[in-house]
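Remarks on the structure that follows.
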Amino acid sequence: MDFLDFKLPTPIYKFDKNDLQHIYEPSEDTFLFMDALELEKSFIKTLEPTIILEIGSGSGVLTTFLALNFDLDNTHFMATDINPLACVKTSETIHLNYSQLPLKVKRPKVSIFIDDLAQSIIDRLNYNIDMIIFNPPYVPTHDITDNGQSGDFNIINRSWAGGLNGSEIIFKSLDNITRLLTHNGIFYLLLCADNDIDNIKNYIKNKFHFNSCIVLKRRAINEILYIVKFYKTHPFM
Ligand SMILES: C[S@@+](CC[C@H](N)C(=O)[O-])C[C@H]1O[C@@H](n2cnc3c(N)ncnc32)[C@H](O)[C@@H]1O
């Protein structure tokens with residue numbers, strides 16, 4: 001598929017100077033994620049998801065993209081981030097996009113909450129979520145609070161600092177993600193080549209019994225990015 005074949009509109013978002021210092025601005029990884037979701041659109045619709053959860057929603061464009069373009073009128077969207085300002089921005093992005101539309105367009109059901117890897121909903125919602133998306137902090141750093149230079153650690157660093165191999169938060173998220181998903185649930189994860197993708201895929205296969213396939217791969221400025229889909233049972237396989 002050619003780049004120009006991607007047709008679904010990207011949500012609008014507004015970032016001022018202050019936002020840029022505190023919230024992750026949509027970047028190549030975010031756009032790759034939207035392109036991969038677009039490729040998966042008919043599959044996602046066949047799932048008829050009751051609940052879709054985004055972990056680390058940042059600007060909120062991924063959740064807004066799904067809500068705006070996938071005709072999932074009965075789906076309840078949940079978006080969570082460890083960064084309170086990201087949660088506010090997620091809410092703003094959703095409202096900004098729907099404020100442009102006529103009132104007769106159905107508004108999505110969305111819950112946004114501050115949390116560390118969706119920990120607060122584990123006990124009530126285990127095995128109840130149909131689909132999870134996560135564009136995690138994936139850049140290799142000394143540790144997850146490393147800002148790559150001397151100076152104070154800032155919440156914005158948590159949006160990209162992934163620790164050893166860039167995969168510390170990814171591994172940390174897996175217990176929660178796999179516990180939250182229904183038996184037929186799926187999750188999409190952004191990974192980069194530095195994360196040792198085969199190791200992550202094998203770990204998830206052996207420990208949680210999820211299969212996987214790469215939905216989309218793209219070379220960005222200094223990294224190769226992948227969107228990987230994880231599933232236990234797949235209606236088309
Ligand atoms: C790479 S950014 C992605 C943001 C947005 N989803 C996008 O695609 O543009 C990663 C996001 O994960 C959030 N995050 C980092 N650690 C987290 C954690 N432990 N729990 C929840 N969110 C976290 C960051 O605050 C940041 O907003």
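Read the numbers this way: they start at 1 and go in the same order the structure lists the ligands and their atoms. None of the values given here were measured: they were computed from a predicted structure.
- Note on Asp123 versus Arg179: salt bridge recorded, some NZ/NE/NH1/NH2 to OD/OE distance being below 4.0 Å.
- For the pair Pro137 and ligand 1, the shortest N or O to N or O distance does not fall below 3.5 Å.
- Every atom of ligand 1 with a heavy atom of Ser159 under 4.0 Å away is listed here by number and element: 1 (C), 2 (S), 10 (C), 24 (C), 26 (C).
- Using a 4.0 Å cut-off to heavy atoms of Ser57, the atoms of ligand 1 that qualify are 5 (C), 6 (N).
- Annotation: Gly56 places an N or O atom under 3.5 Å from an N or O atom of ligand 1; distance criterion only.
- A salt bridge links Lys207 to Asp175: one of the charged nitrogens lies within less than 4.0 Å of a carboxylate oxygen.
- The single protein non-hydrogen atom nearest to atom 20 (N) of ligand 1 is Leu117 N, 2.9 Å, given as residue, atom name and distance.
- For Pro9, the side-chain contact (heavy atoms from CB on, under 4.5 Å) partners at least two apart in sequence or on another chain are Asn69.
- The protein non-hydrogen atom at the shortest distance from atom 15 (C) of ligand 1 is Arg158 O, 3.2 Å.
- Closest heavy-atom approach to atom 7 (C) of ligand 1 among the candidates Leu32, Asp29, Thr30, Val61: Thr30.
- Of the residues Tyr231, Phe230, Phe208, the one that meets the ring-ring contact (aromatic ring centres under 6.0 Å, His included) test with Phe187 is Phe230.
- With a heavy-atom cut-off of 4.0 Å, Pro136 touches ligand 1 through its backbone alone.
- At least one heavy atom of Glu54 sits closer than 4.0 Å to an atom of ligand 1.
- Between Asp116 and ligand 1, a contact under 3.5 Å exists for at least one N or O pair.
- Less than 4.0 angstrom separates some heavy atom of Asn83 from each of these atoms of ligand 1: 25 (O).
- Summary of contacts: the protein heavy atom closest to atom 14 (N) of ligand 1 is Ile82 CG2, 3.8 Å.
- Judged by distance alone, the side chains of Gln119 and Asn176 do bring a donor and an acceptor atom under 3.5 Å apart.
- Atoms of ligand 1 lying under 4.0 Å from any heavy atom of Gly58, numbered from 1 in the order shown and given with element: 4 (C), 27 (O).
- Using a 4.0 angstrom heavy-atom cutoff, Asp115 counts as in contact with ligand 1.
- For atom 3 (C) of ligand 1, the closest non-hydrogen atom of the protein is Asn135 O, 3.4 Å.
- For ligand 1, none of its N or O atoms has an N or O atom of Tyr24 under 3.5 Å away.
- The side-chain contact (heavy atoms from CB on, under 4.5 Å) search around Val88 returns Glu92, not counting sequence neighbours.
- Taking the side chain as every heavy atom from C-beta outward, Tyr138 and Ser167 never approach each other to under 4.5 Å.
- Using 4.0 Å as the threshold, Asp81 has a heavy atom nearer than that to some atom of ligand 1.
- Cation-pi contact between Lys229 and Phe210: absent, since separation from the ring centre below 6.0 Å together with deviation from the ring axis within 45° is not met.
- Taking the ring centre of Phe70 as origin, the terminal cationic atom of Lys41 falls inside the region bounded by 6.0 Å and 45° from the ring axis.
- Counting only N and O atoms by type, the side chains of Glu25 and Tyr13 include no donor and acceptor under 3.5 Å apart.
- A donor-acceptor distance shorter than 3.5 angstrom exists from the side chain of Glu38 to the backbone of Leu8, with no hydrogens or angles considered.
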